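All figures in this text were calculated on a predicted structure; none of them were measured in a lab.
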Amino acid sequence: MEGSCKGRRREPEGSLDCSSLEFEYNDSDHLSAELSELYSYTEEPDLILNRRCFEERFRLQGGEVRWITLDPAQHRTHVMRLLDELEVVVREKRLSAARAILYLAQGVFGECETESDVLRWSRYNCFLLYQTGTFAVFLELLNMEIANSQACSKALRKPALSLADSTELRVFLSVMYLLVENIRQQLPEDDTEWKTQRETFRSELAFPCNGEEPFAHLLFTMVTKFCSGHSPHFPMKKVLLLLWKVLLFTLGGFSEVQSAKEQKRAEVGLPPLSEDCIQVVKNMKATAPPSYGIELGEPQKRGRRSRKDSLDLYNEKDPFKSEESTGAEEEETEDSENMMDTESDIQERDLMSQPLSALRSNMERVYFPKGLPWAPKVRQKDIEDFLEMSRNKFIGFTLGQCVLV
């Protein structure tokens, strides 16, 4: 679930100066925002390092040739060479090859001029990487890094952790996140081959073969190890982002849930749903919380003190105001507050002195507004029976016939 705040819209005077947010309630934001959410400002040097690792290998193969000028066959050949380097024993060489693959998944931004070009090449490269089996290779590397007891014990001994303690994990998770997010997105211009690969990828994530656990289960295990303190070096932000997108990809979003509800109700013979709760929520007005706690706790007291507070502010600005006049005004303000309290007490006493029949006749004309913007899932009679039982139980009072709207 994603909300994007596009701006603030001011409310009219008298609304306690609360602003309304233009909030979009949806499964996720647009693609560029979701991809940029993966990185932090401290990882900016990694982008340059990824590019350097790719260019060092790419120039050995094609000289000064650019990636965006090659044909698909040449792209595939170079990706296979990078995957072969992931099989070497030396850890530094494996990490360097993984960074080069990450640069491809990031859209070879060094050769692009606009953001749209970066997004287009990132999407193309991610489908190419999936076709060559890159996701399965990085899944094995991720399992190896999770089971690395030496890295866990080293992180436990450190008083403070840094980005260097999770370098390999961050690279692996970033590649997998970019693959999942780019392949998950459906665009009208996608060809049949990409659509088929998307469905195949979804099935592999949700129902792995050879008795393996689902990929989401592995990510949940990483969350558990981090929360228990056994693996404090896990980059939890990237783990949670990837877990969110895997669940969204395999289980579906709001529209898929609504379709599944309607299908199951039709199978058991239930009537169709009268409304979609998510669509109702999308049309609701998003507001900001109150700026001050006093707006929630003491609205009446604040209204009574408003005149006194304004007088105090005026006295501070007026240096020629005498102390005697200030004291007189304070006494006058206190007398007016006491008078207001007395009037409210008299009204309350008069209300309590009225006969019960008069109260009932007044209450029968009361119309209660709806509490929720969507239709409740209980019957009207159930609500009335519950309210009547609560009144009889706690205050021994029967309200009579009221109209609930």
task: Measure from the ring center of Phe215 to the ring center of Phe220 and say whether it is less than 6.0 Å.
output: no
Within the 6.0 Å centroid threshold, strictly below: Phe226 and His233: no
Salt bridge between [X] and [Y], side-chain N to carboxylate O under 4.0 Å?
{"X": "Arg379", "Y": "Asp382", "result": "yes"}
{"X": "Lys381", "Y": "Glu384", "result": "no"}
{"X": "Arg184", "Y": "Glu181", "result": "yes"}
{"X": "Arg91", "Y": "Glu145", "result": "yes"}

- prompt: Taking C-beta and beyond as the side chain, do Phe207 and Pro214 meet within less than 4.5 Å on heavy atoms?
  reply: no
query: Would a 4.5 Å heavy-atom cut-off, applied to side chains only, mark Val79 and Ile101 as touching?
result: no
Donor-acceptor under 3.5 Å ([X] side chain, [Y] main chain):
{"X": "Asn26", "Y": "Ser28", "result": "no"}
{"X": "Arg59", "Y": "Val65", "result": "no"}
{"X": "Lys237", "Y": "Glu37", "result": "yes"}

Can you name the closest pair of heavy atoms from [X] and [Y] and give their distance?
{"X": "Asn125", "Y": "Leu104", "result": "ND2-O, 2.9 Å"}
{"X": "Tyr130", "Y": "Glu204", "result": "OH-OE1, 3.2 Å"}
{"X": "Phe249", "Y": "Leu205", "result": "CD2-CD1, 3.6 Å"}

Distance-only side-chain donor-acceptor flag, Asn182 / Arg123, under 3.5 Å: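 Short answer, no.
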